[in-house]
Chemist: 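What follows is a single structure, and I will ask about it in a moment.
Sequence lines set the chain letters: A, B, ... in the order given, protein chains first and strands last, and positions in each chain run from 1. Computed from a predicted structure; not experimentally measured.
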Amino acid sequence: MVRHTTCIMSIPSTASIESQLPTTWSSYPCPDISTVMPSYTSSLWSQDYKPQYWSKYLVWQWLQQMVDMHQIDAASIHFQNFDVDGRQLCSMTYQDFTRAAGTVGPILYQSLNELKWSGQHLGVEFNPLDMIKSEPDDTKRSHSRPHQIKKHNPRGTHLWEFIRDILLNPEWNSGLLKWEDRTDGVFRFLKSEAVAQLWGKKKNNSSMTYEKLSRAMRYYYKQEILEHVDGRRLVYKFGKNAQGWRESEK
DNA sequence: TTCTTATTTCCTGTTT
DNA sequence: AAAACAGGAAATAAGA
């Protein structure tokens with residue numbers, strides 16, 4: 001309760017955000033995008049605190065949040081197995097989780113279990129609207145976390161991983177980014193400003209733009225996380241230091 | 001607290 | 001002309 005209150009307070013007023021939105025947002029075909037907009041107040045979401053009622057998208061958001069929170073290597077999760085709504089998610093067994101997320105499965109299973117009941121008496125731990133933030137909830141379960149899944153990600157997901165994960169989830173990637181060449185790792189921004197806004201959301205930076213995001217992308221060339229692609233606008237390619245984007249790696 | 005990393009912000013110039 | 005691309009330089013945020 002406390003935590004998401006502060007989160008919502010930290011988000012700029014609805015009016016100012018909406019006035020900044022590029023037109024692509026208003027005509028944005030993805031119904032899900034609205035769920036990450038601050039204009040959706042808690043009243044609308046009251047029952048979404050209960051995992052049982054989550055939509056598929058909220059499930060995905062929860063997963064993203066778990067990945068950030070526990071610094072999990074997103075590539076180790078078979079997201080296809082989580083293309084389910086809250087009711088289905090809640091009916092997944094411990095085994096199901098292990099099958100779908102390997103060593104991370106138990107963590108997800110446990111976290112979800114806490115949520116199933118916490119909404120009622122222990123206070124809400126997970127606010128769907130928080131998803132974009134990577135606040136390391138540190139309530140002493142870090143010890144039991146299998147060390148092998150810990151990723152050296154100081155700040156949660158890096159930009160290239162954020163991009164990769166959107167690309168890896170076609171069911172939620174409605175027109176943000178698109179593979180140009182799946183095997184070569186070539187992709188293109190279809191909604192550059194929308195992706196920038198989402199990235200900004202994740203970093204709690206409402207003034208992120210494609211202009212700035214692309215500068216960060218260009219720094220990746222030197223690190224060989226991205227490879228340069230000839231003159232094709234909005235097209236990038238994963239380099240040898242980018243992991244987890246290949247179909248075979250998943 | 002300093003050092004380092006990974007951006008973020010700003011900018012000038014070039015290209016599409 | 002508008003939107004992207006190129007990078008340099010400086011500022012920042014947060015982890016070690």
Chemist: Has A:Asn205 got a side-chain N or O lying under 4.0 Å from the OP1 or OP2 atom of B:dT9?
Modeler: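 Affirmative; the distance criterion is met.
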
Chemist: Check the distance between C:dC5's P and A:Arg233's CZ and give it to me in whole angstrom.
Modeler: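 From A:Arg233 CZ to C:dC5 P: 7 Å.
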
Chemist: Less than 4.0 angstrom between a side-chain N/O of A:Ser207 and OP1 or OP2 of B:dT8, yes or no?
Modeler: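 For B:dT8, OP1/OP2 do not have a side-chain N/O of A:Ser207 under 4.0 Å.
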
Chemist: Do A:Phe162 and A:Trp199 have ring centroids that are under 6.0 Å from one another?
Modeler: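 Yes - the distance between ring centres of A:Trp199 and A:Phe162 falls below the 6.0 Å cut-off.
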
Chemist: Specify the residues of residues 216-224 of chain A, ordered by number, for which at least one heavy atom lies under 4.0 angstrom from an atom of DNA chain C.
Modeler: A:Arg218, A:Tyr219

Chemist: Check this for me: does the side-chain of A:Arg215 come within 3.5 Å of the base of C:dA6 through a donor and an acceptor?
Modeler: no

Chemist: Reckon A:Trp199 has a side-chain N or O less than 4.0 Å from the OP1 or OP2 of B:dT8?
Modeler: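 So the side chain of A:Trp199 is within the cut-off, an N or O lying under 4.0 Å from OP1 or OP2 of B:dT8.
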
Chemist: Check whether any side-chain heavy atom of A:Leu112 sits under 4.5 Å from a side-chain heavy atom of A:Phe97, and report yes or no.
Modeler: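 Yes, their side chains come closer than 4.5 Å.
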
Chemist: Under 4.0 Å, heavy atoms only, any strand: does A:Phe189 hit a base, just the sugar-phosphate, or nothing?
Modeler: nothing

Chemist: Round to a whole Å and report the spacing from NZ of A:Lys191 to P of C:dA3.
Modeler: 15 Å

Chemist: Can you measure A:Leu213 atom CG to B:dC10 atom P for me and round it to whole angstrom units?
Modeler: 15 Å

Chemist: If I take atom CD1 from residue A:Ile166 and atom CD from residue A:Glu161, how far apart are they, to the nearest 0.5 angstrom?
Modeler: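 Reported value, rounded in 0.5 Å steps: 12.5 Å.
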
Chemist: Grab the two heavy atoms, one from A:Asp96 and one from A:Arg99, that are nearest each other, plus how far apart they are.
Modeler: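 For A:Asp96 versus A:Arg99, the nearest heavy atoms are OD1-NH2, 2.6 Å.
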
Chemist: Specify the separation, in whole Å, of atom CG of A:Asn204 and atom P of B:dA6.
Modeler: 21 Å

Chemist: Measure CG/A:Asp230 against C1'/B:dT15 and give the value in whole Å, please.
Modeler: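 In whole Å, B:dT15 C1' lies 14 Å from A:Asp230 CG.
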
Chemist: May I ask you to verify if any side-chain N or O of A:Lys212 is less than 4.0 angstrom from the OP1 or OP2 atom of B:dT7?
Modeler: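 No, no such contact exists.
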
Chemist: With A:Leu234 as reference, evaluate A:Lys178, A:Glu180, A:Arg188 under the side chain to side chain contact (heavy atoms under 4.5 Å, CB included) test and give the passing residue.
Modeler: A:Arg188

Chemist: Specify the separation, in whole Å, of atom CD of A:Glu193 and atom C1' of C:dA4.
Modeler: 11 Å

Chemist: Looking at A:Arg232, I'd like to know if its CZ atom is crowded, meaning that more than 12 non-hydrogen atoms belonging to other residues, nucleotides or ligands lie closer than 6.0 Å.
Modeler: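 More than 12 heavy atoms, drawn from other residues, nucleotides or ligands, come within 6.0 Å of this atom.
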
Chemist: Can you work out whether A:Glu211 or A:Trp160 has the more 5'-proximal nearest nucleotide on DNA chain B?
Modeler: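 Here A:Trp160 is the residue nearer the 5' end.
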
Chemist: Find the distance A:His228:NE2 to C:dA4:P and express it as a whole number of Å.
Modeler: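 To the nearest whole Å, that distance equals 16 Å.
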
Chemist: Does the ring of A:Tyr220 carry A:Arg218 above it, NZ/CZ under 6.0 angstrom from centre and within 45° of its axis?
Modeler: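 Geometry flag: not set, cation outside 6.0 Å or 45°.
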
Chemist: Could you check how far NE2 of A:His158 sits from C1' of B:dT4, rounded to whole Å?
Modeler: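 These atoms are roughly 12 Å apart.
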
